[in-house]
Amino acid sequence: MLQTIFEILSEYRTEYISGLITTLKVSFISLIASLALGTMLAIFCISPFRILVIIGRCYVEFIRNTPRIVCLSPSKSRISS
């Protein structure tokens, strides 16, 4: 017999809520980490110390010139030998 969407949601309510909480936790941690990293790199780029400027610029240029799909894909190479 076909179950309605409300029956399915009520049956698996705890799993959905758990998944939502996990998603919110990961999102919050990612937000804080990216804010810290971005602030640090911005300070590096305007630093009077040449080595910090070089590190900041290299990181920014590397990330800027990397396609987003490469950043999101797993670290293993997809190219077959």
Side-chain angles (χ1 to χ4, degrees):
M1 200 180 260
L2 292 174
Q3 294 180 329
T4 65
I5 188 76
F6 298 112
E7 291 172 345
I8 294 171
L9 288 175
S10 66
E11 183 178 347
Y12 296 105
R13 177 180 53 232
T14 56
E15 286 83 2
Y16 284 119
I17 292 173
S18 174
L20 175 66
I21 291 170
T22 302
T23 301
L24 292 174
K25 285 180 185 177
V26 170
S27 297
F28 181 73
I29 291 169
S30 298
L31 174 73
I32 297 302
S34 65
L35 181 64
L37 181 64
T39 302
M40 184 181 71
L41 288 170
I43 291 170
F44 277 18
C45 287
I46 62 171
S47 172
F49 302 107
R50 185 153 174 78
I51 188 69
L52 293 180
V53 173
I54 291 170
I55 292 170
R57 297 281 180 192
C58 286
Y59 181 81
V60 167
E61 289 303 319
F62 177 75
I63 293 300
R64 188 178 290 165
N65 292 322
T66 304
R68 295 294 162 241
I69 194 72
V70 173
C71 294
L72 297 174
S73 67
S75 61
K76 286 188 174 183
S77 176
R78 300 262 179 186
I79 301 172
S80 60
S81 51

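Because only heavy atoms are used, hydrogens play no part in the values below, and waters and symmetry mates are left out as well, while side chains stay in.
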Do Thr39 and Leu35 have side-chain heavy atoms sitting under 4.5 Å apart? yes
Is there a path of hydrophobic side-chain contacts, each under 4.5 Å between heavy atoms of I, L, V, M, F, W or Y residues, that connects Ile43 with Phe49? no
Connected via hydrophobic side-chain network under 4.5 Å: Tyr59 and Met40: yes
Looking only at heavy atoms, the pair that brings Cys45 and Val53 closest together is O-CG2, 3.9 Å
Lys25 side chain reached by Thr22 side chain, heavy atoms, under 4.5 Å: no
Path from Tyr16 to Phe6 over hydrophobic side-chain contacts below 4.5 Å: yes
Worked check of side-chain contact (heavy atoms from CB on, under 4.5 Å) between Ile55 and Ile51: CA-CA 6 Å; Ile55 292 170; Ile51 188 69; 4.2 Å; yes
Rounded distance [0.5 Å steps], OG in Ser10 versus CD1 in Ile5: 10.0 Å
Quick one: list whatever passes salt bridge (charged side-chain N to carboxylate O under 4.0 Å, His left out) with Glu61, sequence neighbours left out. Arg64
Interatomic distance, CD1@Ile8 vs CZ@Arg13, rounded to 0.5 Å, equals 14.5 Å
Could you give the distance from CG (Leu37) to CZ (Phe44), rounded to the nearest 0.5 Å? 9.5 Å
Please report the closest heavy-atom contact between Leu52 and Ser47, naming both atoms and the distance. CD1-OG, 3.5 Å
